[in-house]
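Below is one structure; the comments refer to it alone.
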Number of protein chains: 2
Amino acid sequence: MSMSLNYFSKFRSVFIYGVSLAALLFLLKWLEWRFIIVNYTFEIYAGFIAVIFTGLGIWLALKLSKPKTTIVTVEKETVITNDEFVLNENVLDEMGISKRELEVLQLIAQGLSNQQIAEQLFVSLNTIKTHSSKVFEKLEVQRRTQAVEKAKRLSLIP
Amino acid sequence: MSMSLNYFSKFRSVFIYGVSLAALLFLLKWLEWRFIIVNYTFEIYAGFIAVIFTGLGIWLALKLSKPKTTIVTVEKETVITNDEFVLNENVLDEMGISKRELEVLQLIAQGLSNQQIAEQLFVSLNTIKTHSSKVFEKLEVQRRTQAVEKAKRLSLIP
DNA sequence: TGTAAAATCACCCGAAAGTATGAGGGTAAA
DNA sequence: TTTACCCTCATACTTTCGGGTGATTTTACA
């Protein structure tokens with residue numbers, strides 16, 4: 001709901017209140033002159049007016065009071081498949097593994113043979129052997145399968 | 001806050017209202033007899049009472065009205081490491097991979113050599129070679145690294 | 001410009017991995 | 001009981017891997 005409409009409703013309430021007040025006073029005056037008023041004491045009028053306008057006040061207040069909002073925060077667990085890989089560069093530095101070596105490591109993890117890796121990287125088979133050997137040294141492993149396993153543990157590979 | 005306390009606060013408000021009403025009426029009566037009242041018209045009293053009790057009504061309403069609560073649901077993302085592994089037995093059946101073969105596959109994935117696997121399973125090296133060969137056939141791969149990669153993709157291995 | 005690290009390549013050799021084939025024993029279903 | 005599958009093991013052979021060593025070229029950096 002918009003602000004202007006809210007303000008109009010407030011204004012209307014006040015207007016109704018004013019009209020009601022006038023009407024009631026008029027009614028009372030009319031009653032006074034016409035009927036039983038002369039016999040009634042002032043206290044009864046006062047009490048009547050008090051009760052009426054208390055009700056009016058209550059009505060006004062309820063009409064005008066802003067709804068108090070209590071924000072209840074409900075935690076909803078959302079399962080997020082944690083499949084985004086972030087390379088652990090710290091480990092990479094500590095181990096002293098170069099870019100090229102990491103590249104070879106990744107291809108090893110994909111199941112490629114040294115020959116295939118050599119072809120893919122446009123270098124000789126011997127070069128790949130050297131790279132993989134260095135990687136194994138740095139990872140302190142003996143086999144490529146071990147290297148892959150350890151590299152994944154160390155977040156060097158997805 | 002407890003219910004009983006809430007009810008007490010309501011009761012107290014009503015009590016205060018009653019007392020105030022009585023006190024005001026008494027005050028007005030006193031004022032009437034003592035001072036200026038005789039000269040004032042009835043309408044002024046009525047208006048005065050009306051305004052006072054309208055205020056009182058408003059106060060009462062605000063005091064008694066239940067706070068309207070608007071429940072706002074806030075979704076809070078909670079990252080859950082999705083590390084629970086469930087073996088995909090369907091694929092296992094489709095591929096026709098036996099228990100023993102899966103066992104060998106798991107040890108291969110852990111980076112063990114065929115010799116180590118043979119020792120761990122108390123069988124000969126040749127047996128492991130046979131098992132691994134069959135696994136490679138069934139997984140349609142040529143190397144153990146490929147087998148590991150594919151087995152993980154197929155949820156045959158954590 | 002000199003130097004250290006990285007990248008490239010080569011050769012050798014033994015170990016490991018993988019292929020092919022066959023065979024014997026066990027179990028469970030047809 | 002036969003058939004089919006699994007597990008086991010063996011032999012023979014080929015390929016790949018991994019370790020060791022050494023060398024040349026690039027690249028980055030002080």
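A note on names: the letters A, B, ... follow the listed sequences, proteins ahead of strands, and every chain is numbered from 1.
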Test of understanding: with side chain to side chain contact (heavy atoms under 4.5 Å, CB included), list the residues that count as partners of B:Q142, not counting sequence neighbours. B:Q146

For A:Q120 and A:I117, indicate whether the former's side chain and the latter's backbone hold a donor-acceptor pair under 3.5 Å. no

For A:A147 and A:L139 the tightest heavy-atom approach is O-CD1, 3.8 Å

Which pairs with one or both residues in residues 126-136 of chain A pass side chain to side chain donor-acceptor pair (under 3.5 Å), sequence neighbours excluded? A:S124-A:T127

Between CG on residue B:L156 and CD on residue B:E89, distance to nearest 0.5 Å: 10.0 Å

Please check: side-chain N/O of A:K138 versus main-chain N/O of A:M95, any donor-acceptor pairing under 3.5 Å? no

Please list, in numerical order, the residues of residues 132-157 of chain A that have a heavy atom closer than 4.0 Å to any atom of DNA chain C. A:R143

Going by side chain to side chain contact (heavy atoms under 4.5 Å, CB included), name the residues that satisfy it together with A:Q115, two or more places apart in sequence or in a different chain. A:S113, A:E119, A:L125

Which is the 5'-most and which the 3'-most nucleotide of DNA chain C that has an atom under 4.0 Å from a heavy atom of chain B? C:dA17 to C:dT19

Step by step, work out the side-chain contact (heavy atoms from CB on, under 4.5 Å) result for A:V135 and A:I108. CA-CA 11 Å; A:V135 169; A:I108 286 176; over 6 Å; no

Enter the distance from B:K150:NZ to B:I157:CD1 here, rounded to the nearest 0.5 Å. 13.5 Å

Take the C1' atoms of the five end pairs on each side of the helix from C:dT1-D:dA30 to C:dA30-D:dT1, derive the two axes, and give their angle rounded to 10 degrees. 50°

Of all nucleotides in DNA chain D that come within under 4.0 Å of a heavy atom of chain B, which is furthest toward the 5' end and which toward the 3' end? D:dC6 to D:dC17

Separation between CG of B:L112 and CD of B:Q106, rounded to the nearest 0.5 Å: 11.0 Å

For A:S155, side chain to side chain contact (heavy atoms under 4.5 Å, CB included) partners two or more places apart: A:F85, A:N88

What residues from residues 91-101 of chain B pass a heavy-atom cutoff of under 4.0 Å to DNA chain D? B:S98, B:K99, B:R100

Euclidean distance, A:I128 CD1 relative to A:Q116 CD, rounded to 0.5 Å: 11.5 Å

If I take atom CZ from residue B:R143 and atom CZ from residue B:F136, how far apart are they, to the nearest 0.5 angstrom? 9.5 Å

Approximate separation, where rounding is to 0.5 Å, of B:L121 CG and B:L107 CG: 5.5 Å

Near DNA chain D, counting only heavy atoms under 4.0 Å, which residues of residues 105-131 of chain A show up? A:S113, A:N114, A:K129

What residues form a side chain to side chain contact (heavy atoms under 4.5 Å, CB included) with B:E149, not counting sequence neighbours? B:R153

Going by heavy atoms in the side chains, are A:V148 and B:V148 under 4.5 Å from each other? no

Which residues pass the side-chain hydrogen bond (donor to acceptor under 3.5 Å, both in side chains) test with A:E94, sequence neighbours left out? none

